[in-house]
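A short worksheet on the structure shown next.
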Amino acid sequence: LNTEYNINEIAQIVGYDNALYFSRMFKSLMGSNMVDYLHLLRMRKFKEYVAEHGDMPIKDVAKKVGYNSYKTFSRQYKKIFGTLPSNKIF
């Protein structure tokens with residue numbers, strides 16, 4: 001989760017030569033596209049990490065779960081949880 005991959009790389013890792021086909025298969029099986037699913041997994045990991053290491057700054061935890069940009073992390077956090085991470089008391 002803490003590495004940036006693109007759809008072509010992931011498709012090849014799991015044995016698909018055609019990234020578009022893999023993307024369609026993923027969405028039909030998981031109910032969302034792969035990028036949104038990865039964001040959801042990262043956010044779950046973020047919450048777990050904060051529960052274990054509550055004294056660590058949010059920006060540092062965001063990096064640990066794969067967000068190199070705090071802006072991207074914050075936008076995805078709001079999209080998933082409905083609030084900004086700075087407004088959330090952990």
Quick one: closest heavy-atom pair of Leu84 and Lys78, and the distance?
-> CD2-CD, 3.9 Å

Could you list the donor-acceptor pairs under 3.5 angstrom formed by side chains in residues 30-37, with sequence neighbours left out?
unit_1: Asn33; atom_1: OD1; unit_2: Val35; atom_2: N; d: 3.1
unit_1: Asn33; atom_1: OD1; unit_2: Asp36; atom_2: N; d: 2.7
unit_1: Asn33; atom_1: ND2; unit_2: Asp36; atom_2: OD2; d: 3.4
unit_1: Asp36; atom_1: OD1; unit_2: Lys79; atom_2: NZ; d: 3.4

Close side-chain approach of Phe73 to Arg42, heavy-atom, < 4.5 Å | no

Just wondering, do Tyr67 and Lys59 contact through their side chains at under 4.5 Å, heavy atoms?
-> no

With the side chain counted from C-beta on, respond yes when Arg75 and Tyr70 share a heavy-atom pair under 4.5 Å apart, and no when they do not.
-> no

Taking distance alone, no hydrogens or angles, what donor-acceptor pairs closer than 3.5 Å link side-chain atoms of residues 7-24 to residues at least two apart or in another chain?
unit_1: Glu9; atom_1: OE1; unit_2: Asn6; atom_2: N; d: 3.0
unit_1: Asn18; atom_1: OD1; unit_2: Leu20; atom_2: N; d: 3.0
unit_1: Asn18; atom_1: OD1; unit_2: Tyr21; atom_2: N; d: 3.0

When rounded to the nearest 0.5 angstrom, what distance separates OH in Tyr49 from CG in Asp60?
-> 9.0 Å

Any chance you could measure Glu48, atom CD, to Glu52, atom CD, to the nearest 0.5 Å?
-> 7.0 Å

Partner set under side chain to side chain donor-acceptor pair (under 3.5 Å) for Ser28, not counting sequence neighbours = none

Do the side chains of Lys64 and His53 get nearer than 4.5 Å, heavy atoms only?
-> no

Quick one: do His39 and Tyr77 satisfy side-chain hydrogen bond (donor to acceptor under 3.5 Å, both in side chains)? Show the steps, please.
-> CA-CA 9 Å; His39 284 299; Tyr77 188 98; over 6 Å; no

Stepwise, does the side-chain contact (heavy atoms from CB on, under 4.5 Å) test hold for Phe81 with Gln76?
-> CA-CA 8 Å; Phe81 299 119; Gln76 290 303 319; over 6 Å; no

